[in-house]
Number of protein chains: 2
Amino acid sequence: MAKASREPKISAEEATARLRHAGLRPTRQRVELAGLLFQDGDRHVTAESLHDEVSGAGVKVSLATVYNTLHQFTEAGLLRQVIVDAARSYFDTNTGDHQHFFLEKEGLLIDIPGETIAVAGVPAPPPGLSVDRVDVVVRVRRN
Amino acid sequence: MAKASREPKISAEEATARLRHAGLRPTRQRVELAGLLFQDGDRHVTAESLHDEVSGAGVKVSLATVYNTLHQFTEAGLLRQVIVDAARSYFDTNTGDHQHFFLEKEGLLIDIPGETIAVAGVPAPPPGLSVDRVDVVVRVRRN
DNA sequence: CAACGAATTAGAACAATTCTAAACTGTGAG
DNA sequence: CTCACAGTTTAGAATTGTTCTAATTCGTTG
Ligand SMILES: [Mn+2]
Ligand SMILES: [Mn+2]
Ligand SMILES: [Zn+2]
Ligand SMILES: [Zn+2]
């Protein structure tokens with residue numbers, strides 16, 4: 001009864017399996033970060049916020065590794081990058097089709113399920129170009 | 001016949017009037033920048049691109065002033081900021097309702113007129129929040 | 001338990017942007 | 001027209017988020 005962790009985060013085994021499945025070596029750092037990122041449904045993190053979180057949990061991981069890991073997870077399809085703020089990059093654990101509310105003031109992202117919003121009338125792109133994706137950001141403020 | 005300018009940019013008088021109307025002192029720098037920005041319909045500039053442009057035209061304006069001016073013009077409603085790239089801020093001379101194609105690779109923005117795209121099904125924001133605007137970015141790539 | 005390539009890391013480097021504080025300039029009162 | 005003064009510009013330093021470098025450490029496989 002020495003260790004009394006009360007976090008409902010996914011087990012190291014689950015994280016390890018997920019990493020291997022994605023073709024990534026399950027290092028201590030990646031297992032820790034995956035544990036935090038994928039414990040709950042949807043999360044929107046920043047390199048800094050995740051670094052603070054993992055550090056706050058007493059785990060030593062450098063900020064450079066957090067950046068590396070976020071990018072590797074993104075390349076592996078485990079995360080997706082969201083661009084809503086000129087100053088910060090967000091990473092989203094929800095890789096499915098969906099949109100966002102963005103609370104500029106507090107840097108908060110809230111998911112809008114994929115089927116909720118319908119975008120009609122997107123014109124054909126100029127010749128030689130093809131559509132990669134359509135992003136909708138609903139910018140909101142406190143009233 | 002000494003000076004043979006061939007730019008169809010708006011006159012200094014027009015720029016000056018526009019600035020005064022917006023409550024901004026028509027300084028040499030602001031008049032030059034307004035002349036470049038508002039000569040044609042729609043433009044999407046970056047602080048750097050505008051600085052290069054004005055410098056290339058032989059006008060001496062510091063980069064700090066370009067940043068100051070872009071922000072002042074934005075506050076005054078003459079410009080609007082567009083967020084599509086985590087690394088760069090774009091400013092748009094089209095302040096009306098419209099959307100964009102964004103060519104990530106070359107940092108190119110292309111307007112989509114306001115009535116073209118219809119966004120339906122935007123849910124009510126969480127309590128205490130109100131919608132400020134809905135941005136649609138159609139990310140495209142060369143094929 | 002090597003050995004070797006992959007991953008991590010501290011710290012330097014970068015790029016975009018903002019800040020500072022000193023010099024300059026537009027304006028309007030006299 | 002002149003001057004005074006608030007507003008503006010500017011060089012350069014500072015800040016911030018992110019990436020790079022090169023040395024160390026680690027995971028995997030034989
Ligand atoms: Mn941006
Ligand atoms: Mn930055
Ligand atoms: Zn999301
Ligand atoms: Zn535009």
Side-chain angles (χ1 to χ4, degrees), chain A residues 12-13 15-36 44-55 59-76 78-79 81-91 104 107 109, chain B residues 12-13 15-36 44-55 59-76 78-79 81-91 104 107 109:
Chain A
E13 291 71 43
T16 298
R18 222 194 234 261
L19 291 172
R20 276 202 215 287
H21 188 74
L24 296 167
R25 276 207 210 179
T27 64
R28 175 179 62 82
Q29 293 84 339
R30 298 212 273 227
V31 170
E32 287 291 350
L33 293 173
L36 290 172
H44 301 97
V45 302
T46 265
E48 293 248 358
S49 79
L50 184 58
H51 184 244
D52 288 354
E53 185 176 343
V54 75
S55 301
V59 180
K60 280 187 83 171
V61 181
S62 75
L63 183 57
T65 294
V66 172
Y67 273 105
N68 290 341
T69 302
L70 286 173
H71 287 133
Q72 291 152 355
F73 283 13
T74 300
E75 277 165 38
L78 301 175
L79 291 177
Q81 205 163 352
V82 179
I83 296 174
V84 286
D85 187 324
R88 240 173 278 292
S89 252
Y90 288 84
F91 292 84
E104 211 139 32
L109 278 169
Chain B
E13 290 72 43
T16 298
R18 222 191 230 263
L19 290 172
R20 276 201 215 289
H21 188 74
L24 295 166
R25 274 207 211 179
T27 64
R28 174 179 63 82
Q29 293 82 340
R30 298 212 274 228
V31 170
E32 288 292 351
L33 293 172
L36 291 172
H44 301 97
V45 302
T46 264
E48 293 249 358
S49 79
L50 184 58
H51 183 245
D52 288 354
E53 185 176 343
V54 75
S55 299
V59 180
K60 279 188 84 172
V61 181
S62 74
L63 182 56
T65 294
V66 172
Y67 273 105
N68 290 341
T69 301
L70 287 172
H71 286 134
Q72 291 151 355
F73 284 13
T74 300
E75 277 166 37
L78 300 175
L79 291 177
Q81 207 164 350
V82 180
I83 296 174
V84 285
D85 186 325
R88 241 174 274 294
S89 252
Y90 288 84
F91 291 84
E104 210 138 34
L109 278 169

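Bear in mind that the values here come from a model prediction, so they are computed numbers and not experimental data. Chain letters run A, B, ... following the sequence lines, proteins first, then strands; residues in each count from 1.
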Q: Listed by chain and number, what are the side-chain hydrogen bond (donor to acceptor under 3.5 Å, both in side chains) partners of Thr27(A), not counting sequence neighbours?
A: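 Residues passing side-chain hydrogen bond (donor to acceptor under 3.5 Å, both in side chains) with Thr27(A): none at all.
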
Q: Examine dT8(D): is either OP1 or OP2 under 4.0 Å from a nitrogen or oxygen in the side chain of Thr27(B)? Give yes or no.
A: no

Q: Can you tell me the distance, in whole Å, between the CZ atom of Arg28(A) and the P atom of dT25(D)?
A: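 Taking CZ of Arg28(A) and P of dT25(D), I get 13 Å after rounding.
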
Q: Is a side-chain donor or acceptor of Tyr90(B) paired with a backbone partner of Gly107(B) at a separation under 3.5 angstrom?
A: yes

Q: Applying ring-ring contact (aromatic ring centres under 6.0 Å, His included), can you list everything that pairs with His51(A), at least two apart in sequence or on another chain?
A: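 In terms of ring-ring contact (aromatic ring centres under 6.0 Å, His included), with neighbours along the sequence ignored, His51(A) is linked to no residue.
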
Q: For dT19(D), does OP1 or OP2 lie under 4.0 Å from any side-chain N or O of Tyr67(A)?
A: no

Q: For dA6(C), does OP1 or OP2 lie under 4.0 Å from any side-chain N or O of Gln72(A)?
A: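 No, Gln72(A) has no side-chain N/O under 4.0 Å of OP1/OP2 on dA6(C).
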
Q: Figure out the CG/C1' separation between Leu70(A) and dA7(C), and round it to whole Å.
A: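 Going from Leu70(A) (CG) to dA7(C) (C1'), I get 15 Å.
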
Q: Whole Å only: how far is the CG atom of Asp52(A) from the P atom of dT16(D)?
A: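 So the CG-P distance, Asp52(A) to dT16(D), works out to 14 Å.
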
Q: Once side chain to side chain contact (heavy atoms under 4.5 Å, CB included) is applied, do any residues pair with Ala22(B), and if so which ones, sequence neighbours excluded?
A: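 Partners of Ala22(B) by the side chain to side chain contact (heavy atoms under 4.5 Å, CB included) criterion, ordered by chain and then number, come out as Leu24(B), Ala76(B), Leu78(B).
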
Q: Measure CG/Leu19(B) against P/dT27(C) and give the value in whole Å, please.
A: 10 Å

Q: Starting from C1' on dA15(C), measure out to CD on Glu48(B) and report it in whole angstrom.
A: 8 Å

Q: Return the value, rounded to whole Å, for the distance between atom CG of Leu63(A) and atom P of dT18(D).
A: 9 Å

Q: Looking at residues at least two apart in the chain, or sitting in another chain, which of them share a side-chain hydrogen bond (donor to acceptor under 3.5 Å, both in side chains) with Glu53(B)?
A: Arg43(B)

Q: Between dT18(D) atom P and Arg88(B) atom CZ, what is the distance in whole Å?
A: 15 Å

Q: Which atoms of nucleotides 19-22 of chain C (N or O only) lie under 3.5 Å from a protein N or O atom, and what are those distances?
A:
none

Q: Residues in side chain to side chain contact (heavy atoms under 4.5 Å, CB included) with Arg28(A), at least two apart?
A: Val59(A)

Q: Please list, chain by chain and in numerical order, all residues satisfying salt bridge (charged side-chain N to carboxylate O under 4.0 Å, His left out) with Glu104(A), sequence neighbours excluded.
A: Arg139(A)

Q: Quick one: closest heavy-atom pair of Gly35(A) and Ala15(A), and the distance?
A: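 The pair with the smallest heavy-atom distance is N-CB, 4.3 Å.
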
Q: Contact class for Thr46(B) vs. all strands (heavy atom < 4.0 Å): base, sugar-phosphate, or nothing?
A: nothing

Q: Show each protein N/O and nucleotides 28-30 of chain D N/O combination with a separation under 3.5 Å, one pair to a line.
A:
residue : atom : partner  : partner atom : Å
dT28(D) : OP1  : Arg20(A) : NH1          : 2.9

Q: Measuring only between side-chain heavy atoms, which start at C-beta, is Val45(A) closer than 4.5 Å to Leu70(A)?
A: yes

Q: Please check the phosphate of dC26(D) (OP1 and OP2 only) for any side-chain N or O of Gln29(A) closer than 4.0 Å.
A: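 No, Gln29(A) has no side-chain N/O under 4.0 Å of OP1/OP2 on dC26(D).
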
Q: Got a sec, which pairs hit side-chain hydrogen bond (donor to acceptor under 3.5 Å, both in side chains) with one end in residues 63-75 of chain A, sequence neighbours left out?
A: Arg30(A)-Gln72(A), Ser62(A)-Thr65(A)

Q: Does a side-chain N or O from Arg30(B) land closer than 4.0 Å to OP1 or OP2 of dT8(D), or not?
A: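 Yes.
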
Q: Figure out the NZ/P separation between Lys60(A) and dT24(D), and round it to whole Å.
A: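 It works out to 17 Å between those atoms.
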
Q: Establish, with yes or no, whether the OP1 or OP2 oxygen of dT19(D) is under 4.0 angstrom from a side-chain nitrogen or oxygen of His71(A).
A: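 Yes, such a contact exists.
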
